[in-house]
Structures are given as C-alpha cells and as structure tokens.
Protein chains: 2
Amino acid sequence: MALSGEYQERYGLDIPEWRVLATLGFRNDACSAQYISDCTRTHKSTISRAVMTLMQRQIVERVENAHDRREFRLRLTKEGKTLYQELIPRLLHKEREILSCLTAQERKELACLFGKIEKSLDLVQTRQEADAKEAY
Amino acid sequence: MALSGEYQERYGLDIPEWRVLATLGFRNDACSAQYISDCTRTHKSTISRAVMTLMQRQIVERVENAHDRREFRLRLTKEGKTLYQELIPRLLHKEREILSCLTAQERKELACLFGKIEKSLDLVQTRQEADAKEAY
DNA sequence: TTAAGATAGTTGCAGATGCGACTAATGTAG
DNA sequence: CTACATTAGTCGCATCTGCAACTATCTTAA
C-alpha cells in the first residue's frame, strides 16, 4: 500500500499496528481487541501481536474488564494519542496526493462506489454466517 | 482477495501463480519473467518461484532466448491455455457478482476512476525512477 | 448446580513473499 | 579489447500473518 510507507518508515508501525492505532484513535474510546479485529477484518492473532508491540512501546495500554475477565479494554496512552494526531495530517496529505488526479466530484463518486461495494460485501458476509449457523 | 478463492480452492493456484497465468493468457504470446514482474508489480523472486511451480505442473513452459541468454521466453502449454480459458468465465462471473450492487453506469465510472488513479500512480513511479537516475 | 458450548486472547507453526546477495550474460565507455 | 555497470533470473533469509490448538472465562440449558 502506498500509504504504509508513511507510517512504516517514519514511525516504525507495520500495517496491523497502524490498524490498532487508527481504530483506537478514531473511536477515541476504549474497546476490545476483538472489536478491532472485526472492524479491520484482521485475524485476532495478528491484532494480538500488534497490541503486544504497541504496549511495549507504550502507545497502547489495556485494563481488565471487570464485567468480563476474558477481555481487555484497550486505549491509547498519552503518547499514543500524540502519535495518532501527528500521523493523521500526514496520511490525509498522502491521500490527497494520491487522489489529486481526480476532481472533487470524482473523489466523491469514488467514495460512494466503495461504500456501496463494502456494504454489499458485508451483507454477503453476514448472510454466509447466517447460513452457516442454519446449517445444523 | 475475494477472487482468489476461485482459483485457489478450485485449481490450487496461489496469487502469484495466477498472475503469471493471467499475464501469459491475456497476452497470448511469450514474454519474459521480468515483463510479468513489471506489469503485475510483483517482485521477480516471487514470479520466479511461481513460474517454477507452474512449469512443474506443466502449465507453463519456457524456451531459451537466443538473442539474450539471460532471459527465457515464457508461454502457456496447451494445458495452461485450457486452464486459462476455463478460469476466465468463472472469474468474470465472480466479478459480476461482486459488482452486482452497482448499476452498469456506476461500474463504468468505477473502472474509469481506477484507470485515472493507476495512470497517475504509474506516472509518479516513472518520475521517481527518472529522478533517481538523475541523482548522480 | 453442573456440563456443554461459545468467546477473548495467546502462541506454535507453516506458508507466502519481499529483500538483497549471487551468478551468468549483456551493454557501454575508454 | 577490457573493465565496469546493468540486467535476468535464482536462492537464502527474515518477516508477516493466517490457521488451529490451547487456556481461561462466560453463557446457557437441563
């Protein structure tokens, strides 16, 4: 991915690590690893390892969930938030750069088309899971 | 990728192998591994391994190039062509399925937008290479 | 309450793939 | 012609990441 150079080379983040950072930063609220796994469509083992690394780097911290001691609530540390805020403008800039070959109208269309496809795929996904459960 | 299930599960092709098959099948003419590497944006070592596997499976064959004995001319065997012809309709069907959430007009727009972005990225790529050469 | 099933997260393992070094062949400048 | 740079392809190595098994915990049904 063209964007990944931006956070890899400059901040030493690999793709799953960026996904964790981005999800927590975007939500600006604690959530479980499973939640990140779901909404980034990344295997939970991959997220687990990314979280470990980010905790060692003190970008992410986790607290036990008293209501369910299987899961942890993940959130960005102060440094994590700073890093996130620092990265966002860089990535937006990069995105604008990549999409600069399109008009504003075209960019809007592209986002709309992606939205439709994503939604459609999610429905398929959900449908398959439903079918799978029905299967016995 | 959603498509890859189609050729992986059913024909035992991984992604680089499919890229080799697709490039040779689409061109319908012999070409070098380097060429495939370039136009699929895949590292030459990856293409090299894919070609090896496909040769063992007698899907691809290669002949020496008398004019440049470093490179080989790659082409599909009879079985390779058959496989390619068998796969194409399946993949088109899958593609139609994925894009079925869009109208014909929207599909055209999407292709057009992708085309623009790809062309723009290629220009950036070329420009960077040119800059790199200029750099000394 | 207890047993069976589901869920969150971790970890060992294996496959995929890019990087860089290497060989052999070709191109080029002096 | 010679030496150096470039290019095609191969291979060892490291890394990335998904799969599946495992533990601990929670949920549900009898």
Side-chain angles (χ1 to χ4, degrees), chain A residues 1-2 4-5 7-9 12-20 23-24 30-56 60-75 125 129-130 132-136, chain B residues 1-5 7-9 12-21 23-24 30-56 60-75 125 129-130 132-136:
Chain A
M1 200 198 310
S4 68
Y7 45 83
Q8 270 177 5
E9 284 153 36
L13 294 174
D14 65 19
I15 293 175
E17 283 158 16
W18 160 248
R19 287 179 178 163
V20 172
T23 306
L24 292 174
C31 68
S32 69
Q34 184 59 50
Y35 174 85
I36 299 176
S37 177
D38 285 343
C39 66
T40 62
R41 298 166 177 73
T42 306
H43 196 272
K44 59 181 181 170
S45 61
T46 306
I47 297 298
S48 172
R49 283 185 269 254
V51 168
M52 288 301 172
T53 310
L54 293 175
M55 285 202 303
Q56 277 163 12
V60 158
E61 61 190 2
R62 71 183 190 183
V63 296
E64 292 203 356
N65 179 348
H67 297 297
D68 185 341
R69 280 166 42 237
R70 289 171 305 182
E71 86 171 33
F72 300 94
R73 312 294 296 167
L74 301 169
R75 63 181 182 212
Q125 186 70 18
E129 279 160 13
K133 291 205 172 175
E134 245 167 55
Y136 53 61
Chain B
M1 202 198 308
L3 282 179
S4 68
Y7 45 83
Q8 268 178 7
E9 284 152 37
L13 294 174
D14 65 20
I15 293 174
E17 283 159 16
W18 160 248
R19 287 178 178 164
V20 171
L21 178 66
T23 307
L24 292 174
C31 68
S32 70
Q34 183 58 51
Y35 174 85
I36 299 176
S37 176
D38 284 343
C39 65
T40 62
R41 297 167 177 72
T42 306
H43 196 271
K44 59 182 181 169
S45 62
T46 306
I47 296 298
S48 172
R49 283 184 269 255
V51 168
M52 287 302 170
T53 309
L54 292 175
M55 285 202 304
Q56 277 164 13
V60 157
E61 61 190 1
R62 69 183 193 185
V63 296
E64 292 203 355
N65 179 348
H67 297 298
D68 185 341
R69 281 166 41 236
R70 289 170 305 180
E71 86 171 32
F72 299 95
R73 312 295 296 168
L74 301 169
R75 64 182 180 210
Q125 188 70 18
E129 278 159 15
K133 291 206 172 174
E134 243 170 54
Y136 51 61

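Reminder, nothing fancy here: chain letters follow the sequence lines and each chain counts from 1.
Counting non-hydrogen atoms under 4.0 angstrom, Ser37(B) reaches nothing in the nucleic acid. No engagement by Arg73(A) is indicated, since no non-hydrogen atom pair under 4.0 Å with the nucleic acid exists. When heavy atoms are screened at a 4.0 angstrom cut-off, Arg41(A) is found touching no nucleic acid atom at all.
In this structure, Ser48(B) does not reach the dG9(D) phosphate: none of its side-chain N or O atoms is under 4.0 Å from OP1 or OP2. The side chain of Thr46(A) contributes an N or O atom lying less than 4.0 Å from OP1 or OP2 of dG18(D). Phosphate contact (OP1/OP2 of dT23(C), side-chain N/O of Arg69(B), threshold under 4.0 Å): absent. OP1 or OP2 of dT10(D) has not a single side-chain nitrogen or oxygen of Ser45(B) nearer than 4.0 Å.
With sequence neighbours left out, Thr42(A) forms a side-chain hydrogen bond (donor to acceptor under 3.5 Å, both in side chains) with Arg19(A), Thr40(A).
With dA25(C), dT10(C), dA8(C) as the choices, the nucleotide that has an atom nearest any side-chain atom of Gln34(A) turns out to be dA8(C). Looking at the side chain of Met52(A), the nearest of the listed nucleotides dT11(C), dG18(C), dG9(D) is dT11(C). Here dA6(C) is the nucleotide among dA6(C), dT17(D), dA25(C) with the atom lying nearest to any side-chain atom of Arg70(A). Considering only the side chain of Ala33(B), dG9(D) comes nearest among dT10(D), dG9(D), dC26(D).
Looking at Glu71(B), Arg70(B), Arg73(B) one by one, the single match for side chain to side chain donor-acceptor pair (under 3.5 Å) with Asn65(B) turns out to be Glu71(B).
Of the charged side-chain nitrogens involved, none lies within less than 4.0 Å of a carboxylate oxygen, so that Glu64(B) and Arg62(B) do not count as a salt-bridged pair.
With a 4.5 Å cut-off on side-chain heavy atoms, Ser32(B) and Leu74(B) do not count as touching.
When the P atom of dA8(C) is taken as reference, atom NZ of Lys44(A) falls 8 Å away, rounded to whole Å. If you take NE2 of His43(B) and P of dT10(D), they are 13 Å apart, rounded to a whole angstrom.
Side chain Arg49(B) to base dG18(C): a donor-acceptor pair is found below 3.5 Å.
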